[in-house]
*Asks:* 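Have a look at this one.
Position 1 is the first residue of the sequence; numbering continues from there.
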Amino acid sequence: MKIIIAGAGDVGFHLAKLLSYESKDIFLIDTDSERLEYASNHIDVITIKGDTTSIKLLKEIKIEEAYIFLAVTESQNTNFTASVLAKKLGARKTIARISSHEFTSNTDIDFKELGIDTMISPGELAANEIKMLLHQSAFNDTIEFENGTLNILGSTLEYNSPLINLTVEESIKKFPEVDFITIAIKPENTDKTIIPRGNTVYHANDQVYFSTPKECINDLYKLVGKQQFGVKDVMILGASKIGIKTARSLCESGYNIKVIEIDKKRALEIAEKVPNALVIKGDGRNVEILEEEHISEMDAFVAVTGNSETNIMSCLVAKSKGVKKTIALVENMDYINISQTIGIDTLINKKLLAASAIFKYVRKGEILKLANLHNVDAEVLEFRVQENSAVTKKQVKDLKITKKAVFGGVIRDGKALMTFGDFQIMAGDKAVVFCLPEAIHKVEKLFN
């Protein structure tokens, strides 16, 4: 399968890295020699220096043989143009990374007719992610399947958690009334992600990810040692595009929103676009301003300025003032794994969200959804189970799924079911799997 990626920035590199675990012909195009050299030294791809909107270049790399063309440069116009050209020259599928809300909300133009099969907006993905994180207040990571029928929830274990010092197997026996599967554990002060087995032990401050039906979420709060709390008053730092989209979405959902923005022009823009939000012109890095705006009375603090360090530091200030929920936008993907260590509830990266959203379109199996967890380098996939696929031939305990993956449950006839050892997955099920990147292709074989 030939895949061409235009743009060797964070999104393009992450996509190429995920795809490089498999035997695919991956072409990575960029005008930046240093980016291409870095990619060439770290992953197995073919790098090409050049303009991705060049018809000559696209013909030279035989674009007509491409199964998919991914335009993910940092320029919306470049992505748009390159996708149209690639489609006209014979690429089977095209996906463009765009930033304009006008494109994603448009109903007047059929972009498929122009040559763009799918458009991905990192900003909108980030705004939606923030809204979902605020909905499940005490958890620092949350993924919903089928409108919340089945949920993946992440949280650090408090010292009062009844799970501490129990093994995974013991926890299932001790709390039989709670349906849950522990799909991953990330111990404190480590980058290692553990796919738990029956004898894996829970420890205080572990970052733990659970799969659970909607009706058991309230019980899960007790197991992690936290209390559920409602989020109503939210302070947003930064009137960036993500800040505006987040403020608009939260206002429409009935939240009380206060936005702090240092730039007068941006402050006026968000005040005009989101009239229900209270907009304050000021420097959110100034602790006195935060205190004047009653930060201690906020339920949540969301920092989405263009500066990662500002976002992290302001969230730490918010935590010190008693704010229960903090979310920081970071540009550097290397920061993603440190939230557990420094005390911020969740760090999000719009490029990582975009890469995961795009990744599902290049998979072999019937993948319905693909999402990433914020604190670990891993993916959560939802498959539609086909007739006679390998996953239907044996019970879960006999499937010999790789140790780098674990089943998180299935949705059958609108109901979430936990996939313990003697469970039989059936055709028509929607199966959720947690998987480290290097094992995705092995998991896919079970569903083919």
Side-chain angles (χ1 to χ4, degrees), residues 1-33 35-98 110-120 351 354-368 370 379 381 383 386 437-445 447-448:
M1 184 190 297
K2 185 173 184 177
I3 296 173
I4 298 175
I5 303 172
D10 285 341
V11 177
F13 179 82
H14 188 66
L15 282 167
K17 180 182 177 183
L18 290 173
L19 294 166
S20 69
Y21 292 113
E22 308 165 42
S23 54
K24 297 181 185 295
D25 295 326
I26 304 167
F27 291 74
L28 190 60
I29 308 171
D30 204 290
T31 55
D32 190 318
S33 300
R35 284 181 173 181
L36 293 174
E37 184 179 0
Y38 181 85
S40 181
N41 290 337
H42 288 81
I43 51 180
D44 184 18
V45 295
I46 300 167
T47 58
I48 299 170
K49 186 177 185 296
D51 181 0
T52 189
T53 62
S54 165
I55 295 175
K56 180 183 177 182
L57 184 147
L58 293 175
K59 284 184 174 181
E60 286 177 353
I61 62 174
K62 297 182 179 180
I63 187 69
E64 70 277 4
E65 297 177 358
Y67 170 73
I68 195 164
F69 178 83
L70 308 173
V72 293
T73 74
E74 292 167 7
S75 167
Q76 174 180 271
N77 292 341
T78 298
N79 296 336
F80 197 96
T81 303
S83 296
V84 172
L85 292 175
K87 190 72 170 184
K88 297 300 181 184
L89 292 172
R92 184 173 171 185
K93 291 182 182 179
T94 59
I95 297 177
R97 170 189 175 186
I98 58 98
D110 186 352
F111 288 102
K112 286 189 177 181
E113 289 184 358
L114 296 177
I116 303 175
D117 295 309
T118 304
M119 291 188 293
I120 300 292
K351 297 170 185 175
S356 290
I358 292 169
F359 190 51
K360 71 177 181 180
Y361 291 100
V362 298
R363 309 314 307 152
K364 300 172 189 172
E366 286 286 318
I367 291 185
L368 302 174
L370 186 147
E379 308 288 338
L381 303 94
F383 292 90
Q386 303 298 303
E438 60 268 28
I440 290 177
H441 66 287
K442 292 182 180 178
V443 171
E444 280 185 317
K445 289 180 181 178
F447 290 90
N448 291 333

*Asks:* Counting C-beta onward and ignoring hydrogens, is there a side-chain heavy-atom pair between Leu18 and Glu379 closer than 4.5 Å?
*Replies:* yes
*Asks:* Please find the pair of heavy atoms, one from Arg97 and one from Val11, that lie closest to each other, and give the distance.
*Replies:* NH1-CG2, 3.7 Å
*Asks:* Measure across Ser83 and Ile116 and return the closest heavy-atom pair with its distance rounded to 0.1 Å.
*Replies:*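 Heavy-atom minimum between the residues: CB-CG1, 3.9 Å.
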*Asks:* Taking the side chain as C-beta and beyond, is there a heavy-atom pair between Arg35 and Leu28 under 4.5 Å?
*Replies:* no
*Asks:* Do the non-hydrogen side-chain atoms of Phe69 and Leu85 ever get within less than 4.5 Å of each other?
*Replies:* no
*Asks:* Is Ser40 reaching over with its side chain to a backbone N or O of Glu37, donor-acceptor style, under 3.5 angstrom?
*Replies:* no
*Asks:* Pair Leu381, Val443 - check side-chain contact (heavy atoms from CB on, under 4.5 Å), show working.
*Replies:* CA-CA 10 Å; Leu381 303 94; Val443 171; 5.8 Å; no
*Asks:* Testing the basics here: between Ile4 and Ala66, what is the closest heavy-atom pair and its distance to 0.1 Å?
*Replies:*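 Smallest heavy-atom distance, with atoms named: CD1-CB, 3.9 Å.
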*Asks:* To the closest 0.5 Å, what do you measure between OG1 (Thr118) and NZ (Lys112)?
*Replies:*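 Here the rounded value is 6.0 Å.
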*Asks:* For Ile98 and Gln76, which heavy atoms make the closest approach, and how far apart are they?
*Replies:*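 Of all heavy-atom pairs spanning Ile98 and Gln76, the closest is CB-OE1, 3.5 Å.
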*Asks:* Which of parallel (below 30°), tilted (30 to 60°) and perpendicular (above 60°) describes Phe447 and Phe383?
*Replies:*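 Phe447 vs Phe383 ring planes: parallel.
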*Asks:* Nearest 0.5 Å, what's the OG1-CD1 distance between Thr47 and Ile26?
*Replies:*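 Atom-to-atom, Thr47:OG1 and Ile26:CD1 are 12.0 Å apart.
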*Asks:* Just by modelled atom types, is the Gly115 backbone N or O under 3.5 Å from a matching donor or acceptor in the Thr94 side chain?
*Replies:*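 The answer is yes, because a donor-acceptor pair under 3.5 Å joins these two groups.
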*Asks:* Any side-chain heavy atom of Asn79 sitting closer than 4.5 Å to one from Val72?
*Replies:*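 Contact flag for Asn79/Val72 side chains = no.
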*Asks:* Can you tell me how far NZ of Lys87 sits from NZ of Lys93, rounded to the nearest 0.5 angstrom?
*Replies:*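 If we round to the nearest 0.5 Å, Lys93:NZ and Lys87:NZ are 9.0 Å apart.
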*Asks:* Determine whether Leu57 and Asp51 make a side-chain contact, defined as any pair of heavy atoms from C-beta on separated by less than 4.5 Å.
*Replies:*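 No. Closest side-chain heavy atoms not under 4.5 Å.
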*Asks:* Partners of Ser75 by side chain to side chain donor-acceptor pair (under 3.5 Å), sequence neighbours excluded?
*Replies:*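 Ser75 satisfies side chain to side chain donor-acceptor pair (under 3.5 Å) with Thr78 once adjacent residues are dropped.
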*Asks:* What heavy-atom pair brings Val45 and Ala16 nearest, and what distance separates the two atoms?
*Replies:* CG1-CB, 4.0 Å
*Asks:* Let me confirm one number: the CD1-CG distance from Ile61 to Asp25, rounded to the nearest 0.5 Å.
*Replies:* 12.0 Å
*Asks:* Would you find more than 12 non-hydrogen atoms of other residues, nucleotides or ligands less than 6.0 Å from Leu114 atom CG?
*Replies:*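 For Leu114, atom CG is crowded (more than 12 foreign heavy atoms under 6.0 Å).
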*Asks:* Using side chain to side chain donor-acceptor pair (under 3.5 Å) as the criterion, list what pairs up with Asp30, not counting sequence neighbours.
*Replies:*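 Listed in chain order: nothing, the list is empty.
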*Asks:* Roughly how far, to the nearest 0.5 Å, is the CD1 atom of Ile95 from the CE atom of Met119?
*Replies:* 12.0 Å
*Asks:* Determine which pairs satisfy side-chain hydrogen bond (donor to acceptor under 3.5 Å, both in side chains) with at least one residue from residues 54-63, sequence neighbours left out, and list them in order.
*Replies:* none
*Asks:* Any idea which heavy atoms bring Ile5 and Gly12 closest together, and the distance?
*Replies:* CG2-CA, 3.9 Å
*Asks:* When rounded to the nearest 0.5 angstrom, what is the spacing between NE2 in His14 and CD1 in Ile43?
*Replies:* 10.5 Å
*Asks:* So, the side chain of Thr53 versus the backbone of Ala82: is there a donor-acceptor pair under 3.5 Å, distance only?
*Replies:* no
